[in-house]
Amino acid sequence: MAEKKWKEKKEAASPHYFDLVYDITCLVPEGRVTTYGAIADYLALGSARMVGWALNHCHSQDTTIPAHRVVNRKGELSGRMHFATPSLMQERLEKEGVEIRNDIVCDFPTLFWHPRELGY
DNA sequence: GACCTGACGCCCC
DNA sequence: AGGGGCGCCAGGT
């Protein structure tokens, strides 16, 4: 359904994958977080790995991307070492009111945001 | 042009 | 329940 819709869209447009990831990432509300898997699931392009790959390169496109709101499925800040400083990701999240404990987002299930909430 | 790697995630043992 | 393996797709070497 929606996945198909996205698939068509991506095949029609299919810029660079990270542009799509960039879109979703920018839509994540402040104080909320999403996961690589959720983004991959919403885009229906296949794998969460690619989302990570995309975010790895997105900073060269636009450093304003709130990539700090994207964590792995456990709520862990797995990508923090790829920021300017390893602590930057955590600092930004805390600034938005997200509590971090041991590089894990506290109460992650509650703060988790799925792109599906946009209503397609 | 083939092979390896990657900010992950699920299935299988 | 925990650990290991495979799949995913694109880019770089």
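Fair warning: this is a prediction, and the values are worked out from it, not measured in the lab. Just so it is clear: chains get the letters A, B, ... in the order the sequence lines come, proteins before strands, and each one is counted from 1.
Annotation: proximity of residues 69-83 of chain A to DNA chain B (heavy atom, distance under 4.0 Å) is found for A:N72, A:R73, A:S78, A:G79, A:H82, A:F83, numbered in ascending order.
Considering only side-chain atoms of A:W53, the nucleotide from C:dA10, B:dA7, B:dG9 that sits closest is C:dA10.
Using C1' as the reference atom, C:dG3 and B:dA7 are 22 Å apart when rounded to the nearest Å.
By the side-chain contact (heavy atoms from CB on, under 4.5 Å) test, A:E94 pairs with A:Q90, A:I100, sequence neighbours left out. When the side chain to side chain donor-acceptor pair (under 3.5 Å) test is applied to A:E30, no partner is found at least two apart in sequence or on another chain. Under the rule for a side-chain contact (heavy atoms from CB on, under 4.5 Å), the partners of A:S47 that lie at least two apart in sequence or sit in another chain are A:R49, A:M50. Under the rule for a side-chain contact (heavy atoms from CB on, under 4.5 Å), the partners of A:T110 that lie at least two apart in sequence or sit in another chain are A:D107. Every side-chain contact (heavy atoms from CB on, under 4.5 Å) that A:K74 has, sequence neighbours left out, goes to A:N72, A:E76. Under the side chain to side chain donor-acceptor pair (under 3.5 Å) criterion, A:R32 pairs with no residue at all, not counting sequence neighbours.
Protein atom CG of A:N56 is 8 Å distant from nucleotide atom C1' of B:dG6, rounded to whole Å. A straight line from CG of A:L88 to C1' of B:dA7 spans 14 Å, rounded to a whole angstrom. Protein atom OH of A:Y36 is 18 Å distant from nucleotide atom C1' of C:dG7, rounded to whole Å. Between the CG atom of A:L43 and the P atom of C:dA10 there is a distance of 13 Å, given to the nearest Å. The CE atom of A:M50 sits 20 Å away from the P atom of B:dC4 (whole-angstrom rounding). Put simply, NE2 on A:H57 is 7 Å from C1' on C:dG11, counting in whole angstrom units. We find that CG of A:L55 is positioned 15 Å from C1' of B:dG9, with the value rounded to whole Å. Between A:D41 atom CG and C:dC9 atom P there is a gap of 14 Å when expressed in whole angstrom units.
Without hydrogens or angle criteria, A:T34 side chain to A:W113 main chain gives a donor-acceptor distance under 3.5 Å.
For the atom pair CG of A:D23 and OH of A:Y42, the computed distance is 10.0 Å after rounding to the nearest 0.5 Å.
Within 4.0 Å of A:A40, counting heavy atoms only, lies no atom of the nucleic acid at all.
Sorted by first and then second residue, the ring-ring contact (aromatic ring centres under 6.0 Å, His included) pairs involving residues 65-102 of chain A (not counting sequence neighbours) form an empty list.
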Output one line per pair: protein atom, nucleotide atom from nucleotides 1-3 of chain C, and distance, for all N/O pairs under 3.5 Å.
none

